[in-house]
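Scroll down for the structure; my scribbles are underneath it.
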Amino acid sequence: MNAEALAFYALAAMVVVGGGLVVQSRNLVHAAVSLVPTLLGVAGLYVLLHAEFVTAIQLLIYVGAITVLILFVILLTEGATGLRVPQRNEQVPLALVVSGALVLLLWAVLLRVPWGPPAGTLPPYNPGAVGRSLLMPYVLAFEVTSLVILACLVGAIVIARREE
Amino acid sequence: MIGLSHYLVLSSLLFGLGLYGVLTRRNAVAILMGIELMLNAANVNFVAFTRFVDPTFVRGHVAALIVITLAACEAVVGLALVINAYRHLETVNVDQVDLMKG
């Protein structure tokens, strides 16, 4: 087993165990903190896949911002997220069947497909290539995303503001 | 040798975990966490396909970056809604927020 395989299996274990804790933990603060190893594991997978820029953004936005935001909201809504409130509804067996069947179906399909060799090589300097891609062929998606961010900003302020 | 199918197996497992969380949690914040897991699974797929199938123009990296941005937007608006719902109804459990139920 070489180093890449070792790193992949370690990161995979981190992602799956962390994700299990996120969906299973009774205490919501534990669940939110378990998001951190899961997202860090995904960032490590991006490193293994030679996606340095996506790794940096994942660390900054997911691990840095979204987790902290979720923890803040859990603290602000303490009365509804306390340990005495049951956190799970009555759909557990049904949800197990549905998500398990979906995962098995996906595995059955994707393990059967012959994926073939890659059609080219990754550019040597990733962030530059990503920037050129974003500003030349995908500039429309880029601009629409910035509009969505603006709408989110205004919408979040309006929704969360205390009414007079 | 770690190939594309390893990453796809892992990401479908992560997606299943997120779906399980969305279906079983009562708390809106926990449902958002499940959605974040599912979005991360999709992102792993994008980046893995870029590496193993179509690496030349890093299209999957661009898609993953846009998904990360939109996930942040979605979390912000969702959490603002949660705070607003808590202020008015004193609960964030989605099975108790049923003002619009006929």
Side-chain angles (χ1 to χ4, degrees), chain A residues 4-5 8 12 15-16 19-20 22-23 28 31 35 42 45-46 49-51 54 57-58 61 65-66 69-70 73-74 76-77 79-81 87-89 91-92 95 98-99 102-103 106-107 110-111 115 118-123 126 129-130 133-134 138 141 145 148-149 152 155-156 159-160, chain B residues 2 4-10 12-14 16-21 23-27 29-30 32-34 36-37 40 43-44 47-48 50-59 61-62 64-66 68-73 75-77 79-84 86 90-93 95:
Chain A
E4 191 197 359
F8 174 81
V15 168
V16 171
V22 169
V23 297
L28 270 193
L35 265 179
V42 172
L45 291 177
Y46 294 156
L49 289 164
H50 303 291
V54 184
I57 298 298
Q58 166 96 358
I61 294 187
I66 293 184
L69 194 66
I70 286 176
V73 173
I74 291 174
L76 285 176
T77 59
T81 53
Q87 294 294 344
R88 222 165 295 151
N89 57 20
Q91 303 183 57
V92 173
V98 169
S99 42
L102 179 74
V103 170
L106 285 174
W107 284 357
L110 62 88
L111 289 179
W115 291 108
T121 51
L122 273 177
N126 260 322
V130 170
S133 252
L134 266 178
Y138 300 109
T145 312
V148 172
I149 295 175
C152 274
I159 292 169
Chain B
I2 300 297
L4 177 60
S5 49
H6 290 77
Y7 288 98
L8 296 184
V9 164
L10 175 63
S12 48
L13 197 57
L14 189 60
L17 277 175
L19 182 64
Y20 174 77
L23 289 177
T24 57
R25 290 290 199 176
R26 294 174 71 217
N27 191 307
V29 182
L32 269 175
M33 291 194 250
E36 300 298 340
L37 290 187
N40 264 286
N43 270 347
V44 171
V47 178
T50 300
R51 165 97 155 75
F52 290 107
V53 179
D54 180 28
T56 317
F57 297 109
V58 290
R59 282 185 261 235
H61 292 191
V62 174
L65 289 174
I66 289 175
I68 290 177
T69 317
L70 294 182
C73 287
V76 166
V77 175
L79 293 174
L81 285 171
V82 168
I83 288 178
N84 203 352
Y86 182 67
E90 293 291 310
T91 181
V92 293
N93 288 340
D95 46 3

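These values consider heavy atoms only, across backbone and side chains, with no hydrogens, waters or symmetry-generated copies. So you know, we letter chains A, B, ... as the sequences are listed, proteins then strands, and number each from 1. All values reported here derive from a predicted model rather than from experimental measurement.
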Which heavy atom of B/G16 sits nearest to which heavy atom of A/S99, and what is that distance?
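Shortest heavy-atom separation between B/G16 and A/S99 comes out as O-CB, 3.5 Å.
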
If I compare all heavy atoms of A/G20 with all of B/L17, which pair ends up nearest, and what's the gap?
N-CD1, 3.7 Å

Max heavy-atom pair count under 4.5 Å with chain A, selected residue of [options]:
{"options": "B/D54, B/D95, B/I66, B/V58", "result": "B/V58"}
{"options": "B/N40, B/N43, B/T56, B/L70", "result": "B/N40"}
{"options": "B/T50, B/V77, B/V76, B/L65", "result": "B/L65"}
{"options": "B/A75, B/S5, B/A72", "result": "B/A72"}
{"options": "B/T69, B/V82, B/V53", "result": "B/V53"}

What part of A/L49 is in contact with chain B, defined as an atom under 4.5 angstrom from a non-hydrogen atom: side chain, backbone, both or neither?
both

Please state whether the side chain, the backbone, both or neither of A/A65 comes within less than 4.5 Å of a heavy atom of chain B.
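Interface part for A/A65: neither.
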
Go through the steps for B/Y20 and A/V92 under the test side-chain contact (heavy atoms from CB on, under 4.5 Å), then give the verdict.
CA-CA 8 Å; B/Y20 174 77; A/V92 173; 3.5 Å; yes

Between A/I61, A/I70, A/L106, A/L102, who has the most heavy-atom pairs with chain B when the cutoff is under 4.5 Å?
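The candidate making the most pairs under 4.5 Å is A/I70.
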
Side chain proximity check, [X] to [Y], heavy atoms < 4.5 angstrom:
{"X": "B/V44", "Y": "A/V42", "value": "yes"}
{"X": "A/I74", "Y": "B/M33", "value": "yes"}
{"X": "A/L76", "Y": "B/I83", "value": "yes"}
{"X": "A/L28", "Y": "B/R25", "value": "yes"}
{"X": "A/L111", "Y": "B/L8", "value": "no"}

Gap separating the [atom1] atom of [X] from the [atom2] atom of [Y], nearest 0.5 angstrom:
{"X": "A/I66", "Y": "B/E36", "atom1": "CD1", "atom2": "CD", "value": "4.5 Å"}
{"X": "B/N93", "Y": "A/T77", "atom1": "CG", "atom2": "OG1", "value": "9.5 Å"}
{"X": "B/R51", "Y": "A/Y46", "atom1": "CZ", "atom2": "OH", "value": "15.0 Å"}
{"X": "A/Q91", "Y": "B/R26", "atom1": "CD", "atom2": "CZ", "value": "11.5 Å"}

Pair A/W107, B/S12: side-chain N/O donor-acceptor within cut-off below 3.5 Å:
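Yes - a donor-acceptor pair under 3.5 Å links their side chains.
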
Part of [X] lying under 4.5 Å from any heavy atom of chain A:
{"X": "B/L10", "result": "side chain"}
{"X": "B/L37", "result": "side chain"}
{"X": "B/A48", "result": "both"}

For A/S133 and B/R59, indicate whether the former's side chain and the latter's backbone hold a donor-acceptor pair under 3.5 Å.
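No.
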
